[in-house]
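Notes follow the structure.
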Amino acid sequence: MGPRVAVPVGLLVLLALAAGGTAQDNLQKITFPAPRSVSNYARLGTTLAQDLSSFTLCLQMRTDMSSTSHAGVVSYAVQENHNELLILNKGRGISELFVQGGKGADLGALPVWDGEWHAVCATWRSTDGAWQVYTDGVLQASGSGLKVGGKVRSGGTWILAQDQETVGGGFDPNQAFSGELSQVNLWDRVLTPAEVGPDSCGQHGNVIDWATTNIEVFGLATSDEYICDVDECADGTDNCHAQATCTNTDGSFTCDCTEGYSGNGVNCTDVDECADGTHNCHAQATCTNTDGSFICECTNGYGGDGVTCADIDECANGTHNCHEDATCSNTDGGFDCTCIEGYTGDGVTCTGLSDLVFTDVGMDYMTLSWTAPVDLNITRYRLRYRHAGASHRDLSPPPSPGDTAATVPGLWADTEYTFTLTAFGDGDQEVGEISGTETTAEVIVNVECHEDHMTVTFPRAALPAVDVDNMHLLDASCGATVTDTEVTLRAGLQDCGTIQDSSEADKFIFTNEAIANQLTSDNGAVRGTPFSKRFRCEFLRQYVVSQGREVLYNIPSPRVQVVDAENSFTFEMHMFTSSDFTATYNSDDYPVQVTSADRLHFGLSVNSPLNDLELFALRCLATPSTDPDDSPSVSIIQDGCDVDTTLQLDTERSNDMALYYSIQSFTFPNIDDPSLVYIHCTMVVCFQSDPDSRCSQGCIPSSRRRRAVPDLSGARVRRASETDHITTISQGPFKVENGQEEAAPLPTVGIAVGTAAGIAGVLLVVAAAFLVRKKRGRGAKEQAEDRVGFDNYSFELWGKDKAASATPKPE
């Protein structure tokens with residue numbers, strides 16, 4: 001970048017035109033020192049070779065003179081007129097352009113009197129006397145009618161910094177110029193505004209070329225090298241970044257990144273004041289970086305411009321969200337809401353109701369209770385309930401104002417419901433609300449497999465909108481037995497449409513189906529959906545040589561669930577394939593073939609949502625059938641004491657809720673083949689914190705036993721605490737190879753016993769796993785029957801003459 005040059009306002013300039021050259025540039029500037037003197041001037045060593053009917057004169061100048069001074073910069077004089085071309089500042093801030101003397105053109109005030117370099121260009125043409133004057137490329141004044149038809153005549157003299165009154169002389173010290181001049185160029189035509197440009201650096205006139213013209217200086221005037229400055233900032237030729245400021249310097253320019261950016265000016269990047277901590281945001285304000293700056297915003301609870309933030313008293317200005325039955329307390333940057341006495345909640349929500357409790361949970365109903373303050377004026381209640389995917393419903397009639405409990409009927413089994421109780425007071429204004437979520441009881445479906453038949457039992461509550469009175473099996477003549485609480489169907493293995501599947505050589509699978517229509521009202525309305533649920537029993541069959549007939553054996557379920565009030569305990573017993581206790585045998589794997597050299601691996605466990613429990617193996621024994629009272633039997637654990645010497649407990653894997661055992665395989669003496677082994681275990685679960693539990697008593701040796709207990713029922717179970725829970729599970733069979741040739745056994749299968757499953761509306765699914773619930777307080781014999789869901793005796797396949805060949809069940 002470089003200095004800009006302009007003609008001083010009020011400066012008399014006389015321009016004499018001379019022929020330009022194209023020789024090598026000789027850039028210089030002439031300095032005319034103060035104080036002004038007629039001795040200080042310069043003369044160009046050229047003249048006009050021919051008259052000019054138009055011209056453009058450009059120069060660069062810098063001066064500290066006042067705009068009120070008289071001064072001439074360039075003067076051209078011929079013998080006929082000493083003001084052949086003249087620009088004169090008359091000292092009143094007015095400049096004039098003269099051509100061939102006479103009245104000049106008023107140029108106004110030119111902005112060149114500031115001590116900086118400026119470029120000045122003046123144009124004129126004869127045809128219409130049009131003229132223009134530019135400073136730094138900007139048109140300052142223009143007009144017409146100046147010496148129309150005239151010409152600037154040739155042969156004159158060019159003088160810089162003085163006003164000629166005679167050719168080459170007659171200077172007046174009050175019209176002398178002090179300052180610096182350079183780049184005086186003359187053309188014989190009017191340049192366009194684009195050609196004039198913001199400065200005259202590098203220009204070469206075709207009549208006078210400053211770079212090739214000889215200049216003679218006089219007095220104290222001096223000639224020095226001149227760096228023609230181009231204002232790159234002004235003409236846009238700089239390479240400063242868009243987020244930088246360009247500053248012109250002599251012969252160059254500088255780039256400086258603007259505030260909020262960093263770099264060398266050519267490359268500028270945003271400064272993240274928020275990250276580097278150079279922002280001035282308040283401690284209670286958030287700083288957000290922006291391109292080249294940042295924004296401060298007071299955080300919630302504070303007000304201000306972000307640089308200054310003050311706490312907002314939401315309680316005072318009413319912008320809090322506290323409940324009308326709560327008090328608001330202002331805090332620094334926030335507020336606290338506290339429900340007033342007699343109300344509960346978080347302060348944003350306050351209710352006069354509390355302690356919503358589900359006191360009775362059934363399959364198709366729910367009973368709720370709650371607490372309301374004595375002084376709370378309640379005129380009515382609304383109890384609203386819904387389950388996922390359904391619209392809400394209101395209990396009708398609703399609870400009375402004085403009620404603190406209500407029962408909601410007509411619910412779906414095993415379904416989660418949300419209940420909202422709302423209390424209203426005077427003017428039917430809401431005075432309290434409380435909500436809770438609970439799931440209705442799951443449905444227990446029992447499938448029992450007997451010697452010659454199987455039964456399925458459904459709870460009445462699980463069959464809404466089902467015509468239970470006409471429910472039947474595949475054979476419609478086999479109807480249901482209906483009570484107030486249950487619906488039971490009995491299917492003979494050879495009748496009632498029971499389907500026998502023996503496609504697998506070792507299996508007998510008996511399947512039937514419970515069928516019912518929807519309820520049809522007297523008005524013809526049909527509600528619900530058709531009901532159809534299959535159930536089945538699977539049997540393992542063996543050929544007993546001594547009896548000369550096939551005998552069917554069931555495979556016990558590995559799982560029993562005990563329900564006591566609100567608590568649920570699921571006991572499990574599994575047979576494992578190896579001593580790492582990772583894989584278990586499935587129903588299809590039975591009977592498991594083992595040799596006398598193999599070890600049997602079994603595990604006992606209990607699952608419950610309760611904590612502080614421990615599992616205790618009270619008794620384990622083996623029999624040749626699913627009947628734990630069968631004979632012969634082998635005792636493995638008795639009254640918590642290990643009896644079999646080969647029994648080993650895996651202490652690394654066992655824990656409070658699971659026990660893992662291994663025992664050497666064995667057979668029974670004096671028993672006909674096939675030699676099947678079932679293992680039966682009685683388990684007790686206790687609270688660890690109960691010092692009177694049976695678990696805490698541990699092993700009770702035979703010397704301490706009060707009496708012998710021949711079976712698993714009645715008084716054989718020692719219980720020292722009413723909080724203990726007990727059940728018996730059987731697993732097997734194992735077939736132990738004794739090395740002797742055996743009769744080719746017929747294929748074997750397992751029994752699949754139905755499980756409890758959830759019923760949503762009229763939807764009931766009977767799963768393949770067996771699950772039985774047991775209620776506390778029932779007789780030992782009833783519990784023994786429930787624990788597996790069917791008679792625990794071996795039985796034969798009945799034929800057409802089953803009555804005559806029936807083998808009585810052991811007493």
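- Taking the six-membered ring for Trp and the full ring otherwise, Phe602 and Tyr660 have centroids separated by 6.0 Å or more.
- Ser578 and His601 share no side-chain donor-acceptor pair at under 3.5 Å.
- Asp630 contributes no side-chain N or O that, together with a main-chain N or O of Asp627, makes up a donor-acceptor pair within less than 3.5 Å.
- Checking side-chain atoms of Thr498 against main-chain N and O of Gly492 turns up a donor-acceptor pair under 3.5 Å.
- Classification of the Phe419-Tyr417 ring pair by plane angle, with boundaries at 30° and 60°, yields tilted.
- Ile499 contributes atom CD1, which lies 9.0 Å from atom CG of Asp501 (distance to the nearest 0.5 angstrom).
- For the residue pair His574/Thr584, the side-chain donor-acceptor check at 3.5 Å is not satisfied.
- A donor-acceptor pair is defined here as one N or O able to donate and one able to accept, closer than 3.5 Å; such a pair exists between the side chain of Arg599 and the backbone of Ser662.
- Between the Asn512 side chain and the Cys496 main chain, a donor and an acceptor come within less than 3.5 Å of each other.
- Side chains of Met471 and Val466 form a contact here, defined as non-hydrogen atoms less than 4.5 Å apart.
- Less than 6.0 angstrom separates the ring centroid of Phe531 from the ring centroid of Phe458.
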Stepwise, does the side-chain contact (heavy atoms from CB on, under 4.5 Å) test hold for Leu368 with Thr359? CA-CA 6 Å; Leu368 307 79; Thr359 56; over 6 Å; no
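- Using a 4.5 Å heavy-atom threshold, the side chains of Met363 and Pro459 count as touching.
- Remark: the backbone N or O of Ser689 is paired with a side-chain donor or acceptor of Asp612 at under 3.5 angstrom.
- Side-chain contact annotation: Thr367 with Thr407, donor-acceptor N/O pair under 3.5 Å present.
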Check the pair Val643, Ile636 against side-chain contact (heavy atoms from CB on, under 4.5 Å), reporting the backbone distance first and the verdict last. CA-CA 5 Å; Val643 176; Ile636 301 172; 6.0 Å; no
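- Here the straight-line distance linking atom CG of Leu489 with atom CD1 of Ile515 works out to 9.5 Å at 0.5 Å rounding.
- Summarising the geometry of Leu473 relative to Ala491, their closest heavy-atom pair is CD1-CB, 3.5 Å, with the distance given to 0.1 Å.
- Under the 3.5 Å distance criterion, the side-chain polar atoms of Gln688 are matched with a main-chain donor or acceptor of Leu613.
- Here the closest non-hydrogen pair linking Ala617 and Leu604 is CB-CD1, 3.9 Å.
- The structure places SG of Cys537 at 11.0 Å from CD1 of Ile509, a figure rounded to the nearest 0.5 Å.
- The closest side-chain heavy-atom distance from His387 to Trp412 is below 4.5 Å.
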Assess whether side-chain contact (heavy atoms from CB on, under 4.5 Å) is satisfied between Tyr585 and Thr577, documenting all intermediate values. CA-CA 6 Å; Tyr585 288 111; Thr577 61; 3.7 Å; yes
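- Thr415 places a side-chain N or O within donor-acceptor distance of the main-chain N or O of Ala413, the cut-off being under 3.5 Å.
- Taking each heavy atom of Leu649 and Ser654 in turn, the nearest pair found is CD1-OG, 3.3 Å.
- Side-chain N or O atoms of Thr440 include none that pairs as donor or acceptor with a backbone N or O of Gly362 at under 3.5 Å.
- Listed for the Ser605 side chain is no donor-acceptor partner under 3.5 Å among the backbone atoms of Ala658.
- Residues Tyr661 and Leu647 are in side-chain contact: their nearest non-hydrogen atoms beyond the backbone lie under 4.5 Å apart.
- The salt bridge (charged side-chain N to carboxylate O under 4.0 Å, His left out) pairs that include a residue from residues 649-661 are Asp650-Arg653, where partners are two or more places apart or lie in different chains.
- Between Arg536 and Phe510 there is no side-chain heavy-atom pair separated by less than 4.5 Å.
- Remark: the backbone N or O of Thr595 is paired with a side-chain donor or acceptor of Asp598 at under 3.5 angstrom.
- Rounded to the nearest 0.5 angstrom, His680 NE2 and Thr626 OG1 are separated by 7.0 Å.
- Annotation: side chain of Val487 is in contact with side chain of Leu463 (closest heavy-atom distance under 4.5 Å).
- Here the closest non-hydrogen pair linking Phe535 and Val456 is CE2-CG1, 3.6 Å.
- For the atom pair OG1 (Thr651) and CG (Leu659), the distance works out to 11.5 Å, reported to the nearest 0.5 Å.
- Taking the side chain as every heavy atom from C-beta outward, Glu572 and Asn607 approach each other to under 4.5 Å.
- For Thr455 and Thr488, the side-chain atoms include no donor-acceptor pair closer than 3.5 Å.
- Between the CG atom in Leu615 and the OG atom in Ser608 there is a gap of 11.5 Å [rounded to 0.5 Å].
- Between Cys695 and Phe616, the closest heavy-atom pair is SG-CB, 3.4 Å.
- Proximity of Pro632 to Pro624: side-chain heavy atoms (C-beta onward) are separated by under 4.5 Å at one or more points.
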Leu493 vs Gln500, test: side-chain contact (heavy atoms from CB on, under 4.5 Å). Steps then yes/no. CA-CA 8 Å; Leu493 299 184; Gln500 176 181 323; over 6 Å; no
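- Here the closest non-hydrogen pair linking Cys699 and Gly640 is CB-O, 3.6 Å.
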